[in-house]
Amino acid sequence: MGSDTYSPHDPYLDFDGGELMKDHWFLFNFRCWLVAASVLVLILSSGCSRDELKQAYEDAKVKTQELASSTKEAVEAQLPATGAVTLRTTPAMPPTTGATLELISIGDGRPSVLQVTSYDPGNSTKTYPSILLHGTTAVGSVESLAGTKIQCDMYLRVSRTMPIAITANGKPATVTFSGINAEEKTITATIEPVELIGSDGKSIQVLGGDLVAVIGGGN
């Protein structure tokens, strides 16, 4: 990772993800020990030739690698989704390491506030690129977002050493929401082309983008 990447702080990565990883790797090491022990018993009890011993050793290595692969897949399958925002720019920019969507209902007939962040606003550390999308909508629930277009102000900081770029006044980014994955609690959307202006006066042309955001809190 580059010097602009700091410790991940997405709240959806903090809910015992480390403990889950430890449990699975303990199980993996135990299973590998059983394989090795079984091979050792076979070697000691069978009076194998040198070639047979070598083949048994190679077979054990293959089996251990298969166990490592299957355990890694099992761990990844149980880790939570973190989301990502991908913007198409020149030069190319990497996707964010996370994305969380919140829809805050104000009530009293006022529009709801939509916010998509690639970082935890309450955490002083940041991962880059950092993106914030902020807009208002008449939609009152996340479930009703699918198929809707929302005009959003976009804030982008590509790296720690670069200035913040934002959409020009009156020229927001159009975000079109599509499907919701109820199992992973994520929502997808596309971002139409938009121009951002940096605090240094330089322009960033966003040629479009996509996002998968974890559905967070809100009311």
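- To the nearest 0.5 Å, atom CG of residue Leu156 and atom OG1 of residue Thr167 are 10.5 Å apart.
- Residue Tyr128 holds its OH atom at 7.0 Å from CZ of Arg160, rounded to the nearest 0.5 Å.
- Counting non-hydrogen atoms of other residues, nucleotides and ligands closer than 6.0 Å to CG of Asp200 gives a total above 12.
- Here the closest heavy-atom approach between residue Thr188 and residue Ser178 is recorded as OG1-OG, 2.7 Å.
- Every salt bridge (charged side-chain N to carboxylate O under 4.0 Å, His left out) that Glu192 has, sequence neighbours left out, goes to Lys149.
- Taking OG1 from Thr90 and CG from Leu207, the interatomic distance works out to 5.5 Å, rounded to the nearest 0.5 Å.
- Interatomic distance, CD of Gln115 versus CG of Leu103, reported as 11.0 Å (0.5 Å rounding).
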Start with the C-alpha gap between Val206 and Leu196, add the side-chain angles, then the distance that decides, and say whether side chain to side chain contact (heavy atoms under 4.5 Å, CB included) holds.
CA-CA 7 Å; Val206 176; Leu196 306 179; 4.0 Å; yes
How far apart are the C-alpha atoms of Ile215 and Ile180, what are their side-chain angles, what is the distance that settles it, and do they pass the side chain to side chain contact (heavy atoms under 4.5 Å, CB included) test?
CA-CA 9 Å; Ile215 299 171; Ile180 294 176; 4.1 Å; yes
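- Closest approach of Pro172 and Gln151 over heavy atoms only: CG-OE1, 3.4 Å.
- Within the 3.5 Å criterion, the main-chain N or O of Met162 finds a donor-acceptor partner in the side chain of Arg157.
- Thr186 contributes atom OG1, which lies 10.5 Å from atom CG of Leu211 (distance to the nearest 0.5 angstrom).
- Residues Ile106 and Val113 are in side-chain contact: their nearest non-hydrogen atoms beyond the backbone lie under 4.5 Å apart.
- The shortest heavy-atom contact between Leu101 and Phe177 is CD1-CE2, 3.5 Å.
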Sequence neighbours excluded and cut-off under 3.5 Å, please list the side-chain donor-acceptor pairs for residues 130-140, or say none.
residue: Ser130; atom: OG; partner: Thr127; partner atom: O; Å: 2.6
residue: Thr137; atom: OG1; partner: Val139; partner atom: N; Å: 3.1

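- Closest heavy-atom contact between Arg88 and Gly209: NH2-N, 3.4 Å.
- Taking each heavy atom of Pro129 and Pro95 in turn, the nearest pair found is CD-O, 4.0 Å.
- Side-chain heavy atoms closer than 4.5 Å link hydrophobic residues (I, L, V, M, F, W, Y) into clusters, and following such links, possibly through other members, connects Val194 to Leu114.
- Residues Met154 and Leu87 have side chains in contact (heavy-atom distance under 4.5 Å, counting atoms from C-beta outward).
- The salt bridge (charged side-chain N to carboxylate O under 4.0 Å, His left out) search around Asp108 returns Arg110, not counting sequence neighbours.
- Taken together through direct or relayed side-chain contacts under 4.5 Å among Ile, Leu, Val, Met, Phe, Trp and Tyr, Val175 and Met93 form part of one hydrophobic cluster.
- Tyr119 approaches Lys126 most closely through the heavy-atom pair CD1-CE, 3.7 Å.
- For the pair Ile187/Leu145, a side-chain contact is recorded, criterion being any heavy-atom separation below 4.5 Å from C-beta on.
- Side-chain contact check for Val85 versus Ile191: some heavy-atom pair is nearer than 4.5 Å.
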